[in-house]
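These notes are about the structure you will find just below.
In what follows, residues are counted from 1 in the order of the sequence shown. The shown structure was predicted, so the numbers you read here are calculated from the model rather than taken from an experiment.
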Amino acid sequence: MRFMIAVLFAALLASGCGQDRERAAKEAARRAEDAAAIETLGTAAVLSRNLPLKACLEEQTAEVESAASQCPTFILLALDYMIQECSGAGGALKPAEEAEAWSLDVDGDGKAEKLVDLTRNYICYGAPSVSSCGSLGCPYFLYQQRGEAWVELGAVNADDAPSIEVIEAPAGTPAPLRGGCQGARPCSELTHYEWKGDAYDRVWIEFRGHIVDVVPGGLWTLTKDAAVIDAPNRKGHTLDEYPAGTAMVVLGKARGGDYQFVSPCNACRRGFVESNALAK
């Protein structure tokens, strides 16, 4: 009987060790994949100045429609709204002195898509706040030409748009995109966008070498005094400390750890807070 118990215990111990080894192997493989994703190089978008801003505005405000329009439809469709909003506030819409857009080939077909924030290309003189999007800035929209029309492929955060990169992918497939820090390098925070069948969406964030999965966040509240740290583990260094009751925007969840990635305020440093210190 004792022998049978000993054998059974040994079998259970071996099984547990095997499961531990399997979990460790999966964790090591995941970390290797994460490291490879972080180190992957991309092709940076190119700043373009060739948008026909003045011609588009003149065409949109002309009493007679032009049969030979040279204006991209993504500009014409937005101008109606922009003109109405600006004039309604007592202002006058005028083209910026220099056009600003980004050219990038997301599917490897040799034709450039356009990433643009039209509020930076048309200024409402006399009422500039009409086109303001606050301290976070207005999103940039990505457009692809299909025939004579331009189709929207998704939106990119203002911080991510300048010098956004196209990550290598099979030709004909919309490639992952990566951007952050207003195009500056090195960058402590990079956001990755992936094609979801009908549009690009933010999927994960690379913060100081740690991966954060973007999740539906919103405003959460600290349930106790807590520190915002620079890594999702006990070894993380304190960036700032906040008292219980502080509201924070949860941007995502640390991959492989029970920490939330948070933004305490627009001007505050982002970092990690233990999940058990936050409540919706």
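- Side-chain atoms of K111 and Q145, non-hydrogen and from C-beta on, never get closer than 4.5 Å to each other.
- Both V156 and W102 belong to a common hydrophobic cluster when Ile, Leu, Val, Met, Phe, Trp and Tyr are linked at side-chain heavy-atom distances under 4.5 angstrom.
- Q70 approaches E59 most closely through the heavy-atom pair N-OE1, 4.2 Å.
- Relative ring orientation between F261 and F272 is described as tilted, the plane-to-plane angle lying within the 30° to 60° band.
- Distance alone, capped at 3.5 Å, is enough to place a donor-acceptor pair between the S275 side chain and the D258 backbone.
- Between atom CG of residue L278 and atom CG of residue L219 there is a gap of 10.5 Å, rounded to the nearest 0.5 Å.
- Looking at Y122 and I75, their side chains come closer than 4.5 Å, going by heavy atoms from C-beta outward.
- For the pair D107 and W195, the minimum side-chain heavy-atom distance is 4.5 Å or more.
- Using a 4.5 Å cut-off between side-chain heavy atoms of Ile, Leu, Val, Met, Phe, Trp and Tyr, with links allowed through other members, V273 and L239 fall into the same hydrophobic cluster.
- Residues P72 and P52 are in side-chain contact: their nearest non-hydrogen atoms beyond the backbone lie under 4.5 Å apart.
- You'll find the side chain of I205 stays beyond 4.5 Å of the side chain of H192, heavy atoms only.
- Looking at D80, its side chain never comes within 3.5 Å of a backbone N or O of L76 through a donor-acceptor pair.
- No side-chain donor-acceptor contact under 3.5 Å links S103 to the backbone of K114.
- We find the CD-CD1 distance between E97 and I123 to be 9.5 Å, quoted to the nearest 0.5 Å.
- Side chains of L177 and V166 form a contact here, defined as non-hydrogen atoms less than 4.5 Å apart.
- Scanning for salt bridge (Lys or Arg N to Asp or Glu O under 4.0 Å) contacts around D213 gives R255, with sequence neighbours left out.
- Across E189 and C181, no two heavy atoms sit closer than the pair O-SG, 3.8 Å.
- No single ILVMFWY cluster, assembled from side-chain heavy atoms under 4.5 Å apart, contains both L104 and V116.
- Atom CG of L251 is separated from atom CZ of F207 by 10.0 Å, given to the nearest 0.5 angstrom.
- Nearest heavy-atom pair, A244 versus D225, reported as atom, atom and distance to 0.1 Å: N-OD1, 2.8 Å.
- Between W150 and Y143, the distance separating the two ring centers is not shorter than 6.0 angstrom.
- For the atom pair OG1 of T191 and CD of E206, the computed distance is 9.5 Å after rounding to the nearest 0.5 Å.
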Handout entry: Residue pair I229, E274: steps toward the side chain to side chain contact (heavy atoms under 4.5 Å, CB included) verdict
Key = CA-CA 9 Å; I229 55 179; E274 289 184 281; 6.0 Å; no
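- For the residue pair M248 and V262, the shortest heavy atom distance occurs at SD-CG2, 3.8 Å.
- A chain of hydrophobic side-chain contacts below 4.5 Å, direct or via other Ile, Leu, Val, Met, Phe, Trp or Tyr residues, connects V228 to W220.
- Here the side chains of Y193 and L153 are not in contact, with every heavy-atom distance at 4.5 Å or above.
- Remark: I83 CD1 to E85 CD distance equals 11.5 Å, nearest 0.5 Å.
- Under the 4.5 Å side-chain heavy-atom criterion for ILVMFWY residues, no single connected hydrophobic cluster contains both I167 and L142.
- The environment of CZ in R49 is crowded: more than 12 heavy-atom neighbours from other residues, nucleotides or ligands sit within 6.0 Å.
- Pairing each heavy atom of E98 with each of N121, the nearest pair is O-OD1, 4.4 Å.
- A donor-acceptor pair is defined here as one N or O able to donate and one able to accept, closer than 3.5 Å; no such pair exists between the side chain of Q60 and the backbone of L79.
- Looking at D230, its side chain never comes within 3.5 Å of a backbone N or O of G236 through a donor-acceptor pair.
- The backbone N or O of C265 lies less than 3.5 Å from a partner atom in the side chain of S263, making a donor-acceptor pair.
- A 6.0 Å sphere centred on CD of E168 holds no more than 12 heavy atoms belonging to other residues, nucleotides or ligands.
- Contact annotation: the side chain of L57 approaches that of L93 to within less than 4.5 Å [non-hydrogen atoms, C-beta and beyond].
- Closest approach of R178 and I164 over heavy atoms only: O-CG1, 3.2 Å.
- Annotation: Y125, atom OH; neighbour count of heavy atoms from other residues, nucleotides and ligands within 6.0 Å is above 12.
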